[in-house]
Amino acid sequence: MSPKQTTRPGLRIIARSELVTQPIRDQAAADLGFPISFEMIDSIDGLARVVTRPDTFDLYHQWHTVDLIWTARCIQPIDVARLDHGSEILAAARGRSGPSRIIDTVFDKLFVQADGRLGPAPTNLLSMLPLLHGLDSFGYAPAVRDLVGSEAESWGWLLDPRLQGRVAMINDPVLGMIEAALAVEATRGTAFSSVGNLTLDEVDEVADILLHKKRIGHFKGMWSSFEDSARLVQRGTLIQSIFSPGVTRLRSLGQEVIVGTPAEGSRGWHADLCISSEAAGETLDMAYAYLNWWQNGWAGASAARQGYYATFPARVRQHLLPGEWEYWYEGQPAPRALADPYGQPSVPAGHRREGGSHAERMSGARVWNTFMDEHTHIVHRWREFLSA
Amino acid sequence: MRKGLSGLHKAYFDIVKDWVSGSIAAGLLPDGTRLTVAAVADRLALSRSPVKRGLELLTETGHLTRDARSGYIVGNGSLAEPDAANLFTLPLPDLAPATGVFVRAGWERILDEVAEATAASIPFGIFHISETAIGAHFGVSRTVTREVLSRLQERGAIGKDRASHWIAGPLSARMLDDEHALRRLLEPAALAQAASMLRAVLPAMQERLTKARPNCPPDEIDLIEADLHDTCTSYQPNRRLAAVLMHLRSGRRVNRLFATHVVQHDEAAMLTEHRLVLDHLALGDSEGAAAALRHHLDADHARTRERLKVLSVFTDPVVAPYLTRVG
């Protein structure tokens with residue numbers, strides 16, 4: 001780790017590559033007029049640094065870690081008064097209505113309460129600026145239907161013997177364990193008490209099943225980035241967990257893939273912006289400028305073209321081309337071929353997004369990305385699975 | 001690479017050396033007294049070899065002179081006729097209470113240190129414990145190392161994996177839950193029993209709390225935690241209860257590690273809760289103190305669970321050299 005810089009290189013931002021894509025990074029740098037250095041960290045390995053060295057970054061695009069980084073006090077409260085559209089966040093939280101109903105969970109840990117903890121009661125201090133959210137499930141090739149017939153889409157397919165040897169999963173333990181638990185639930189027919197916070201025994205049950213399946217050759221591969229996941233489909237997996245940008249990529253490549261809308265519900269997520277506890281003075285001013293830039297809607301529109309929803313979409317639509325809002329947010333058929341964030345044709349004309357409109361799709365969120373209480377045990381068992 | 005058996009856990013020869021030099025300094029072993037290995041070993045109920053080594057070391061420091069005929073003479077050996085005293089008739093101090101708190105078998109001397117090092121590592125994950133490295137670290141034989149690890153296994157602190165390697169951890173949220181459930185039952189009861197005997201020690205504790213800042217250093221937090229959770233409850237008369245409470249410290253260890261590794265920690269809530277308990281004690285309200293302690297244990301448990309999650313993302317924590325992270 002480099003020592004604290006004396007001459008600052010502008011704003012230092014840590015983000016994930018599929019959340020803050022190159023077009024977004026380029027546009028932010030062009031619009032804001034001060035230097036920004038982005039550091040892309042796509043695994044949870046960088047988290048220890050975020051927690052212990054808040055002096056090494058100014059902004060962090062957090063993803064299901066807000067309770068953890070708040071506990072470690074490596075981020076500082078965001079002053080609603082310094083946000084261009086802060087009142088819209090407060091209004092949504094008070095009403096828990098309109099778009100906010102779609103992603104209710106983001107408010108649970110949004111506000112700094114009088115006792116210093118995070119909670120849902122609106123105050124003028126935020127733990128994070130909500131940016132994007134979405135719903136992940138699995139993608140499958142049309143050939144799956146030849147093997148499973150017309151039965152309803154289910155997470156259970158990930159463990160289905162009929163698909164043996166043609167299944168892939170994400171290799172991240174946090175998300176992978178949630179998806180595996182959904183698959184185990186569907187297979188055994190009974191639900192876990194809390195699929196987003198499994199007990200030690202439940203983790204073991206899921207892990208034992210995964211290990212057995214791996215040993216009998218059930219899985220074709222594991223992926224760590226959406227590019228990897230697209231390559232796995234091209235190499236012949238029939239079904240796998242998948243991120244929305246992976247779907248967009250495959251469609252840009254002309255590969256047919258269907259996104260599952262499983263009966264059991266899907267895995268929801270939200271991604272937000274946090275300010276380092278160490279940011280101050282001129283740096284803090286730049287940080288707020290970047291936050292406000294995200295609120296203006298351009299970035300949300302770019303993210304929409306790979307299937308992500310803005311948590312406050314009011315100003316997104318003005319940056320979208322005719323037909324894009326209707327396809328991505330309203331679930332209407334694409335009036336023509338639609339491009340991905342990089343300008344490549346992706347969605348074919350006439351295609352209708354699986355799962356329907358924004359509200360319909362997000363109502364399918366069964367569980368939200370989260371670090372479970374038994375995280376250490378999960379990581380241990382997951383490593384055992386990966387190395388089996 | 002022998003790292004000292006630090007603090008209380010001195011080697012036997014060091015104990016002998018300190019006992020003899022201390023007795024000389026106190027004037028209990030006058031110049032010219034003749035000491036034989038056999039007599040000292042008999043007086044201290046130790047075997048001869050550490051006694052011989054201890055006495056040898058004192059010849060190097062000038063406390064003793066080797067006698068030409070047998071044994072050692074206190075002083076520089078200038079007195080013409082050394083005096084062979086019966087060591088049982090001299091008013092010499094005993095080493096320690098009967099069973100020897102300070103004089104402990106080889107494995108006992110390192111048991112506590114290995115237990116603490118292991119317990120302080122498992123919040124981060126799973127660790128392999130190397131017998132060879134423990135031997136090298138403490139300068140002890142494999143027999144001693146095995147004895148230590150067997151004792152830890154009996155306590156349930158460590159186990160063996162399928163390949164028969166010694167393994168510890170991880171500390172799970174459920175283990176914290178289980179421990180909290182026990183503490184919540186036992187500790188308020190222990191405090192209530194001790195309450196009437198605490199008047200004398202309370203003012204110093206209250207002063208420490210008043211002075212403490214929310215981001216006080218880990219060592220200061222340790223003292224504050226020890227005041228309430230160790231010292232206060234230690235006044236209750238049930239020894240078995242005390243022994244049980246002593247082993248329920250995982251939560252405190254997690255908080256300690258968190259304060260050590262996460263510089264921005266804030267203990268304001270803990271300080272307020274401790275103050276509340278001590279205020280009840282100062283008023284002579286034992287039931288109120290017990291209730292306030294129960295509240296503190298619950299709140300602290302919630303914080304500890306959150307902190308364990310933070311520790312679980314650390315990739316390369318610093319641990320004892322005989323521990324290797326495996327998960």
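Proteins come first, then strands; the chains are lettered A, B, ... in the order of their sequence lines, and each starts at number 1. Just so we're clear, the structure is a prediction, and the values are computed from it rather than from any experiment.
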Within 6.0 Å of CD in E287(B), more than 12 heavy atoms from elsewhere: no
Side chain from CB out, backbone as N, CA, C, O: work out which of these in [X] comes under 4.5 Å of a heavy atom of chain B, or both, or neither.
X: N197(A); answer: neither
X: S277(A); answer: side chain
X: R381(A); answer: neither

Contacting moiety of V262(B), where chain A heavy atoms sit under 4.5 Å: side chain
Region of F258(B) in contact with chain A, defined by heavy-atom distances below 4.5 Å: side chain
Looking only at the aromatic ring of each residue, does the gap between the centers of H270(A) and F107(A) stay below 6.0 angstrom? no
Do the side chains of [X] and [Y] get close enough for a salt bridge, i.e. N-O under 4.0 angstrom?
X: R256(B); Y: D219(B); result: yes
X: R146(B); Y: E131(B); result: yes
X: D67(A); Y: K309(B); result: yes
X: R253(B); Y: E225(B); result: no
X: D300(B); Y: R305(B); result: no

Max heavy-atom pair count under 4.5 Å with chain B, selected residue of [options]:
options: G116(A), P54(A), A72(A); result: A72(A)
options: E374(A), H377(A), H375(A), E384(A); result: E374(A)
options: T199(A), V51(A), V50(A); result: V51(A)

Residues in residues 204-216 of chain A near chain B [non-hydrogen atoms, under 4.5 Å]: none
pair L186(B)-V244(B): side-chain heavy atoms closer than 4.5 Å: yes
May I ask you to test the F314(B)-L257(B) pair for a side-chain heavy-atom distance under 4.5 Å? no
Of the listed P170(B), G169(B), A269(B), the one with the largest count of heavy-atom pairs under 4.5 Å with chain A is P170(B)
Identify whether NZ of Lys or CZ of Arg in K160(B) sits under 6.0 Å from the centre of the six-membered ring of W166(B) and within 45° of that ring's axis. yes
